[in-house]
Enquirer: 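Please find one structure pasted underneath; my questions will follow.
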Amino acid sequence: GYVRTIDLLINQRLKSLKQATRTIRSVESTELYGETILQMQTDRETLVHVTREGQPFGLLSMDQLTGPLLDGPLGALKR
């Protein structure tokens, strides 16, 4: 799991870090970007654990997933 700094700042009454620990969703490296982004938004998560053939491969943030999309042709859709 992981702890977001903002959660610690907002809720200073936590008795332990365990209360602020969030589970991290795992996705296979072959999973489609769009599906991963939709699931992250649904779960209100900003971080995913990436696996390759079941083995740990890395971490990805929502910014890393959406950045290339918004820097490309979809960037024209920004508000």
Side-chain angles (χ1 to χ4, degrees):
Y2 69 103
V3 176
R4 297 185 318 173
T5 306
I6 191 72
D7 291 336
L8 297 175
L9 293 172
I10 290 173
N11 192 353
Q12 296 178 358
R13 294 185 208 166
L14 294 173
K15 294 179 181 172
S16 70
L17 281 179
K18 187 173 183 177
Q19 289 179 299
T21 302
R22 302 170 71 93
T23 57
I24 188 165
R25 183 180 187 282
S26 289
V27 296
E28 187 63 31
S29 62
T30 56
E31 192 166 326
L32 297 174
Y33 272 37
E35 289 178 18
T36 301
I37 291 169
L38 286 173
Q39 189 61 51
M40 288 175 73
Q41 288 178 332
T42 300
D43 297 341
R44 295 183 177 216
E45 294 297 339
T46 57
L47 197 63
V48 291
H49 174 244
V50 181
T51 59
R52 181 176 278 171
E53 297 177 6
Q55 298 298 314
F57 187 70
L59 298 173
L60 273 177
S61 69
M62 181 64 84
D63 289 341
Q64 289 172 305
L65 286 170
T66 57
L69 295 172
L70 296 176
D71 290 339
L74 292 178
L77 300 175
K78 283 185 185 177
R79 292 182 189 179

Enquirer: Taking all non-hydrogen atoms of both residues, which atom of A20 and which atom of L8 are closest, and how far apart?
Expert: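 Minimum heavy-atom separation between A20 and L8: CB-CD2, 4.0 Å.
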Enquirer: Please give the remaining members of the hydrophobic cluster of L59, linking ILVMFWY side chains under 4.5 Å, ordered by chain and number.
Expert: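 Same cluster as L59: Y2, I24, L47.
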Enquirer: Sequence neighbours left out, what passes salt bridge (charged side-chain N to carboxylate O under 4.0 Å, His left out) with E28? Give chain and number order.
Expert: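 So E28 forms no salt bridge (charged side-chain N to carboxylate O under 4.0 Å, His left out) with any residue.
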Enquirer: Using the side chain to side chain donor-acceptor pair (under 3.5 Å) rule, collect all pairs that involve residues 52-63, keeping only residues at least two apart or in two chains.
Expert: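 Sorted result for residues 52-63: S61-Q64.
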Enquirer: Which ILVMFWY residues are connected to I6, directly or by a chain of links, through side-chain heavy atoms under 4.5 Å apart?
Expert: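 Noted: I6 shares its cluster with I10.
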Enquirer: Please identify each residue that fulfils side-chain hydrogen bond (donor to acceptor under 3.5 Å, both in side chains) with T21, with sequence neighbours left out.
Expert: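 Partners of T21 by the side-chain hydrogen bond (donor to acceptor under 3.5 Å, both in side chains) criterion come out as none, since no residue qualifies.
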Enquirer: Distance check, rounded to the nearest 0.5 Å: R25 atom CZ versus L60 atom CG?
Expert: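 So the gap between those two atoms works out to 12.0 Å.
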Enquirer: For a quick test of your reading: what N or O donor-acceptor pairs under 3.5 Å do the side chains of residues 33-44 make, sequence neighbours left out?
Expert:
unit_1 : atom_1 : unit_2 : atom_2 : d
T36    : OG1    : L32    : O      : 3.1
Q39    : NE2    : D43    : OD1    : 3.0
Q39    : NE2    : D43    : OD2    : 3.0
T42    : OG1    : L38    : O      : 2.8

